[in-house]
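Heavy atoms only: backbone and side chains are in, while hydrogens, waters and symmetry mates are out. Chain letters run A, B, ... following the sequence lines, proteins first and then strands; every chain starts at 1.
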Amino acid sequence: MAELPKEYDAKGSAARWSQAWTDAGVFTADVADDRPPFSVVIPPPNVTGSLHMGHALNNTLQDVLVRYKRMDGYNTLWVPGTDHAGIATQWVVRRQLEAQGIDFRDLGREAFVEKVWTWKEEAGGTIVNQLKHLGVSCDWSRERFTLDPDLQKAVTEHFVRLYEEGLIYRGQRLINWDPLDQTALSDLEVEQDEGVKGELWSFAYPIRPEDGGGEIVVATTRPETMLGDTAVAVHPDDPRYRHLIGKTLKHPFVDREIPIIGDAILVDPEFGTGCVKVTPAHDPNDFEVGKRHKLPMINILTLDGKLNAEGGKFAGMDRFDARKAVKAAIAELGLDRGARDHVMNIPRSQRSGAIVEPMLSTQWFVRMKPLAGPARSAVEQGFTTFVPTQWENTYYAWLRDIRDWCISRQLWWGHRIPAWYAPDGTLYVARTFEEAVAKAGRDDLVQDPDVLDTWFSSALWPFSVFGWPAKTADLAKYYPTSVLVTGFDIIFFWVARMMFAGIHFTGSVPFADVYIHALVRDQHGDKMSKTKGNVVDPLTVIDQWGADAFRFTLVAFAAQGRDVLWDPARVEGYSKFTNKIWNALKFAFMNGEGYDPNGPMEDGPYELWIRARTGAAVQRVRDAIDGYRFNEAASEIYNFVWGEYCDWYLELSKTTIYDAEASEARKNAVRHALFDTMGAIVRLLHPIMPFLTEEIWSRLPGTPGGFVTTAPYPKASDYPSDATALADIARLQEAVTEVRRIRGEVQIPYSVKVELLVTDDRLYAALYRHRRALDELAGATLKQADTFPQASSLAVVQSVACAIPLPEQYLKAEIDRLGKEIAKVTDDLSQLDRKLGNKSFVERAPADVVEGFRSKRSAANARLAALQSSLDQLQAGA
RNA sequence: GGGCGGAUAGCUCAAUGGGAGAGCUACGGCUUUACACGCCGUCGGUUGCAGGUUCGAGUCCUGUUCCGCCCACCA
């Protein structure tokens, strides 16, 4: 038997096996392999990113599925890759340049993009390397980047086709403008800062003297926008103001006359003064009013958030300075009508944090309604299933109320919009410049300077990675993919968009299942964030406890529909699990000398038992993974390994190993069970703990060789059940546990052997076969007896009273124990009596349920009687 | 304003309508020859609250409180 290191070397194993797998190309999928495919595309992390807990959880769960399916005989492919992440990446490089005193704008577009590429080549591999530390089994030969030439082609195709179908249009709309990044944003990229304390400030617009004079009071949270007001609206049925509709106001600062209009949709007469200032170019509601009433739409802001020439004397001021200045100027004119506290939401850019301005702007949009419908019904009809299903409602709700998607971004890093303009402004959308020139019949065309929303390219990921629009073999084999594993935070950003893009362009849903996992939070349930300082770095955890323990922890935490509350104690605990397994292996090695997998074997009851238990565990683990109940899979393996294989089988195996009279065939059978069960364990566990299991597999005698990662996943049918052995060992376990409890409570150390006296012939005969086990596991010597000595402790096994003779010193403790036990059983019994005394229960409950309670009652009765008589006897003697 | 999720042992979490469990912690014992990163045992509960359905509710229904999240244009 080969030498086994004293401890498991997590780091060494990770390095060794990662390399070995790569060298052997075991994760490289063969498109010609005609076994059924199982394919997954990674949610591509930002190329700027570094691995955080969310990535770790996400990729561990994918790896569990992928490794499981690979072992289980599927042609398995996991496509890795990264996302170019427009805004985020542009910022990273922009800041680096700023640190060198360079303004990226001075560099010019081409040079800047060149810089970003250089940076990407140098630093973009960080997250990929970090993923490898986690042990993911991606097919790196198929790694993709969303700006790869092929994927650019796919994005262009996507855009052009949608444009040709009338599903993409260019138009002037009110969009979300980020004055810091100076780009438009989609609705999803804007977050609301909720419950901000602000003020609702009122001022008066004077009514023209020729319209009768007087004033009308309006309120606003953004005073500076009054510079863009082109109307004041009242409710058409409001008796207070009805008569003013059609009259005109004089703007106090700019040379403009403002009509009073009636609008029943905008105005709630109950709110504020019942009069609303209308700024169509800077408020979504007002924009609609502007369209309804054909009002002028006056943009008062520059792209960096200052007042433009329309701002009159406030022109050039920053928007927030202008706010104060406008208020002051109004007050000077005596038009200030006071302010009151007001709690409001402030829209901020998800990326930059800047306060977003609604701004009238010409941008590119995707018409969503026609695309959303099929995406919805595909899920409704079950072509794609969300796990847990509750997320389907979230998905439906978003698609139901969807609005058009603003896809143009005023950035330099990203997919350039395939649209060209002639000098006269005529627009040509084409796949290439040449195609545009051909369409235009001239070559003095200028390409649209904007790039596309990053998510516009991510939407194609499940098929662009396979070469779409080309009809590749990979596309035919691996698309649609089997499952998408992702977090709920990008159901709208990504999942929904992949759904409609996939359905629209390929005619089929991009994945059969969507498994939605939770967020990783800290121990207190708070979101991890750099500002809070509660971020846990996965690489630090891996470094300290090893990737196996880390992955096991993540999987054990991944209960459906629950957030993961990170608790460092759990990793420590599971690192002990790796140690436990290693030591079990060590035990097998120490006693495995002479093992011959093909030699004669004679199984004993314990071998039959562990085989049956293994089969049951295999089935439970398979069921759990099949149902995406990852935490259950982890806990089943944990309990089986620790609670059955180690706690029971290893101990029971000693009865043969240490038995000088046991035959070689018996010993060989035990060695086989030790190694074979370990072989089942490492295969069962491999998807969760890839390195430890590969390390063990490589050393395990009796395996066919090769990697565990390509070994077949255990099947329950390989481990036949055996009802006799199960019942037999259950009885033994009951006896051992009973003796141990008495030892524990009466405080008899194991150094003191006890006798277990049995009068019942059948029980004695049954336990006799296990007398060595009783000795080994409970320190009890089995003896047949006619009567029990007065000074003894009571052990009840299978409702039969047995006795453990006790030296004088333990009798007091035994009396206490019996008292407590009697109280417990009495209580127990009274509940059972109550239940079974209930006529309706006995009549209406299913027979097997009633029968179950009856047998529990008779067991409790027997136990109580035994306890009572034992106590009586002891007290009589005392 | 609408919607979703959660609330179970000190902590983190389980429990197809059939007597509420596990791990960790705590407490007691054990240097038993794989493992003290261990072994054996014990304590610990009005399942947020109030109703209802049912022979039977942590589980289903109604209401309610707290926590978290998502969506939404009230100036």
A:Glu636 bridged to A:Arg620 by N-O distance under 4.0 Å: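 So A:Glu636 pairs with A:Arg620 through a salt bridge.
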Under 3.5 Å, is there a donor-acceptor pair linking the side chains of A:Asn583 and A:Lys586?
yes
Could you check whether [X] gets within reach of a base, just the sugar-phosphate, or nothing at all, counting any heavy atom under 4.0 Å?
X: A:Lys856; answer: base
X: A:Ile748; answer: nothing
X: A:Cys646; answer: base
X: A:Phe287; answer: nothing
X: A:Pro358; answer: nothing

Considering only the [atom1] atoms, how many Å lie between [N] and [M], rounded to the nearest integer?
N: B:G56; M: B:C30; atom1: P; value: 50 Å
N: B:U42; M: B:G23; atom1: P; value: 12 Å
N: B:C13; M: B:A20; atom1: C1'; value: 14 Å
N: B:C43; M: B:G28; atom1: C1'; value: 10 Å
N: B:U59; M: B:U8; atom1: C1'; value: 12 Å
N: B:C35; M: B:C11; atom1: C1'; value: 27 Å
N: B:G29; M: B:C67; atom1: C1'; value: 42 Å
N: B:C40; M: B:U33; atom1: P; value: 14 Å

For [X] and [N], is the shortest distance between a side-chain N/O and OP1 or OP2 below 4.0 Å?
X: A:Lys824; N: B:C43; result: yes
X: A:Tyr658; N: B:A34; result: yes
X: A:His342; N: B:C74; result: no

Ring centre gap for [X] and [Y] strictly below 6.0 Å:
X: A:Tyr649; Y: A:Tyr606; answer: no
X: A:Phe550; Y: A:Tyr574; answer: no
X: A:Phe630; Y: A:Tyr515; answer: yes
X: A:Trp391; Y: A:Phe386; answer: no
X: A:Phe203; Y: A:Trp201; answer: yes

Numerically ordered, the residues 575-585 of chain A set in heavy-atom contact under 4.0 Å with RNA chain B is A:Lys576, A:Asn579, A:Lys580, A:Asn583, A:Ala584
Distance, rounded to the nearest Å, where [X] contributes [atom1] and [N] contributes [atom2]:
X: A:Trp642; N: B:C39; atom1: CH2; atom2: P; answer: 5 Å
X: A:Glu821; N: B:G41; atom1: CD; atom2: P; answer: 14 Å
X: A:Asn345; N: B:C70; atom1: CG; atom2: P; answer: 12 Å
X: A:Glu651; N: B:G38; atom1: CD; atom2: C1'; answer: 11 Å
X: A:Asp193; N: B:C70; atom1: CG; atom2: P; answer: 12 Å
X: A:Asn838; N: B:G18; atom1: CG; atom2: C1'; answer: 13 Å
X: A:Gln390; N: B:G6; atom1: CD; atom2: P; answer: 7 Å
X: A:Glu843; N: B:G56; atom1: CD; atom2: C1'; answer: 14 Å

| task | Check the pair A:Phe492, A:Tyr395 against ring pair (Phe, Tyr, Trp, His ring centres under 6.0 Å), reporting the backbone distance first and the verdict last. | result | CA-CA 7 Å; A:Phe492 305 148; A:Tyr395 172 83; 8.5 Å; no
Minimum-distance nucleotide (side-chain atoms of [X] versus [options]):
X: A:Ala845; options: B:G18, B:A34, B:G41; result: B:G18
X: A:Asn285; options: B:C73, B:G18, B:A75; result: B:C73
X: A:Phe557; options: B:A75, B:U12, B:A34; result: B:U12
X: A:Thr220; options: B:C71, B:A75, B:G28; result: B:A75
X: A:Arg741; options: B:U42, B:G18, B:C71; result: B:U42
X: A:Asp268; options: B:A75, B:A34, B:G41; result: B:A75
X: A:Lys654; options: B:A75, B:A34, B:C30; result: B:A34
X: A:Lys835; options: B:C40, B:A34, B:G56; result: B:G56

Within 6.0 angstrom of A:Asp848 CG, more than 12 heavy atoms from elsewhere
yes
A correct dot-bracket answer for RNA chain B, with pairs being Watson-Crick or G-U at under 3.5 Å, [ ] for crossing pairs and | for inter-strand pairs, is (((((((..((((....[..)))).(((((.......))))).....(((((..]....))))))))))))....
* Is there a donor-acceptor contact under 3.5 Å from the side chain of A:Arg817 to the main chain of A:Leu794? -> yes
Per nearest nucleotide of RNA chain B, the residue lying toward the 5' end, A:Asp567 or A:Asn393, is A:Asn393
Self-check item: Most 5' of A:Glu191 and A:Arg403 on RNA chain B, judged by nearest nucleotide
Solution: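 Comparing both residues, the 5'-ward one is A:Glu191.
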Is A:Lys856 close enough and on-axis enough to A:Phe853, meaning under 6.0 Å and within 45°, for cation-pi?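 The answer is yes; both the distance and angle limits are met.
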Do A:Arg570 and A:Phe557 form a cation-pi contact, if we require the NZ or CZ to be under 6.0 Å from the six-membered ring centre and within 45 degrees of the ring's axis?
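Geometry flag: set, cation within 6.0 Å and 45°.
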Should the side chain of A:Glu7 and the base of B:C37 be counted as holding a donor-acceptor pair, with the cut-off at 3.5 Å?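 Answer yes: a donor N or O sits under 3.5 Å from an acceptor.
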